[in-house]
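One structure is given below, encoded as structure tokens.
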There are 2 protein chains.
Amino acid sequence: MNALFKALNDPTRRQMLELLRKGDLTAGEIADQFEMTKPSISHHLDLLRQAGLVDSTKNGQFVTYTLNTTVLDELLAWLMNFTGSSLLNTSPPAPEPDSSKKSS
Amino acid sequence: MNALFKALNDPTRRQMLELLRKGDLTAGEIADQFEMTKPSISHHLDLLRQAGLVDSTKNGQFVTYTLNTTVLDELLAWLMNFTGSSLLNTSPPAPEPDSSKKSS
DNA sequence: TAAATACTTAGACAAATGTCTAATTAATAA
DNA sequence: TTATTAATTAGACATTTGTCTAAGTATTTA
């Protein structure tokens, strides 16, 4: 929990998470999005990994980073103790609104 | 958003929030729960207030602190962008299970 | 093999953070 | 009014944090 809040307490790292929301990225691709040296990027990614917010896998000379949201569920649970669990939807997913009508 | 994560990035401050969940407390009552000097406590409370997580009102020589969860909703909304908004319950509150039975 | 590319590790350093003691302000009690 | 109590403000100081440059490790390409 401590590592989680620590990891989230930085705008660069939060932005990294938002980038990864759209899909996996290599360390270099992430670095391209920031005006910061690669070592600094590497360090931020390390903190995110320590918090369990991202996973990294090596593919050849590239390292791909993937968002891991399971640890955010823990944060969500913590939050619910304050905002009241009434915000949580415990009911089963609603049926699709009828896929026979429109596609897009 | 920055002040919020900053305020939450400390175990003492998070514990303070949990204490206030059970009810309002004066600065002194809060200080009693920690092995830390009052000025340090005061400083932590100040950061919580800056983040909008607590409100403070002066009553005589006492200052009472109250939990303010509205800013946590903002965090909740941010979180939902990651964990998937399906967890959010958007339906109206369910009717009370029948108030004619028990009082408590 | 040698050079280039992708990334991390090591170490320095300024800025931010958490804690303390001492002093200050405000309100109550003697 | 003077003393006491509750709390904050000011300022010092060690630790942590974010950033950088330089160097190191793999991996791919020439």
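For the numbers below, each heavy atom of this structure counts, side chains included, while hydrogens, waters and symmetry mates do not. Every chain is numbered from 1, with letters handed out A, B, ... down the list of sequences.
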Separation of D/dT9 C1' from B/H43 NE2 (nearest whole Å): 11 Å
Residues A/E29, A/F62; criterion side chain to side chain contact (heavy atoms under 4.5 Å, CB included); working and verdict: CA-CA 10 Å; A/E29 288 171 330; A/F62 298 88; over 6 Å; no
Sugar-phosphate only, base, or nothing, as touched by B/L45 at under 4.0 Å among non-hydrogen atoms: nothing
B/L79 backbone acceptor or donor facing B/T83 side chain under 3.5 Å: yes
Expected output: side-chain B/R13 to main-chain B/L45 donor-acceptor under 3.5 Å: no
Main-chain N/O of A/L72 paired with A/T69 side-chain donor or acceptor, under 3.5 Å: no
Same apolar cluster (I L V M F W Y, side chains within < 4.5 Å links), B/L76/B/M1: yes
Sugar-phosphate only, base, or nothing, as touched by A/Y65 at under 4.0 Å among non-hydrogen atoms: sugar-phosphate
Worked check of side chain to side chain contact (heavy atoms under 4.5 Å, CB included) between B/I30 and B/L20: CA-CA 9 Å; B/I30 294 172; B/L20 290 173; 4.2 Å; yes
Along DNA chain C, first and last positions that approach a heavy atom of chain A under 4.0 Å: C/dT5 to C/dT9
OP1 or OP2 of D/dT19 under 4.0 Å from side-chain N/O of A/S40: no
Protein-nucleotide distance (B/D32, atom CG; D/dA6, atom C1'), rounded to Å: 11 Å
Interface residues of residues 48-55 of chain A with DNA chain D (non-hydrogen, below 4.0 angstrom): none
4.5 Å side-chain heavy-atom contact, B/L48 and B/L17: yes
Could you write out each protein N or O paired with an N or O of nucleotides 22-25 of chain D at a distance under 3.5 Å?
none

Residues B/H44, B/M36; criterion side chain to side chain contact (heavy atoms under 4.5 Å, CB included); working and verdict: CA-CA 11 Å; B/H44 283 304; B/M36 196 179 290; 3.7 Å; yes
Donor-acceptor contact below 3.5 Å, side chain A/N9 vs main chain B/K6: yes
Non-hydrogen side-chain atoms of B/L53 and B/N68 separated by less than 4.5 Å: no
Protein N or O to nucleotides 13-15 of chain D N or O, pairs below 3.5 Å:
none

Under 3.5 Å: donor-acceptor pair, side chain of A/R14, backbone of A/L8: yes
Integer-rounded Å distance: D/dT19 P and A/D46 CG: 14 Å
Residue-phosphate contact under 4.0 Å: A/K6 side-chain N/O, D/dT17 OP1/OP2: yes
Min side-chain heavy-atom separation B/D55-B/Y65 under 4.5 Å: no
pair B/W78-B/E74: side-chain heavy atoms closer than 4.5 Å: no
Shorter than 3.5 Å, N or O on both sides, protein versus nucleotides 26-30 of chain D: list them out with atom names.
unit_1: D/dT27; atom_1: O3'; unit_2: A/Q61; atom_2: N; d: 3.4
unit_1: D/dT27; atom_1: O2; unit_2: A/Q61; atom_2: NE2; d: 3.3

Close side-chain approach of A/L75 to A/M80, heavy-atom, < 4.5 Å: no
Short side-chain to backbone donor-acceptor contact, B/R21 and A/F82, under 3.5 Å: no
Touch class at under 4.0 angstrom, heavy-atom based, for B/I30 against every strand present: nothing
Residues from residues 7-29 of chain B lying under 4.0 Å of DNA chain D - heavy atoms: B/T26, B/A27, B/G28
Minimal non-hydrogen separation, B/I41 against B/A27, with atom names: CG2-O, 4.3 Å
Student check: side-chain heavy atoms of B/S56 and B/T66 closer than 4.5 Å: no
Heavy-atom check, side chain of B/L25 versus side chain of B/T64, under 4.5 Å: no
Distance test, side-chain N/O of A/H44 to OP1/OP2 of D/dT19, below 4.0 Å: yes
Non-hydrogen side-chain atoms of B/D46 and B/Q50 separated by less than 4.5 Å: yes
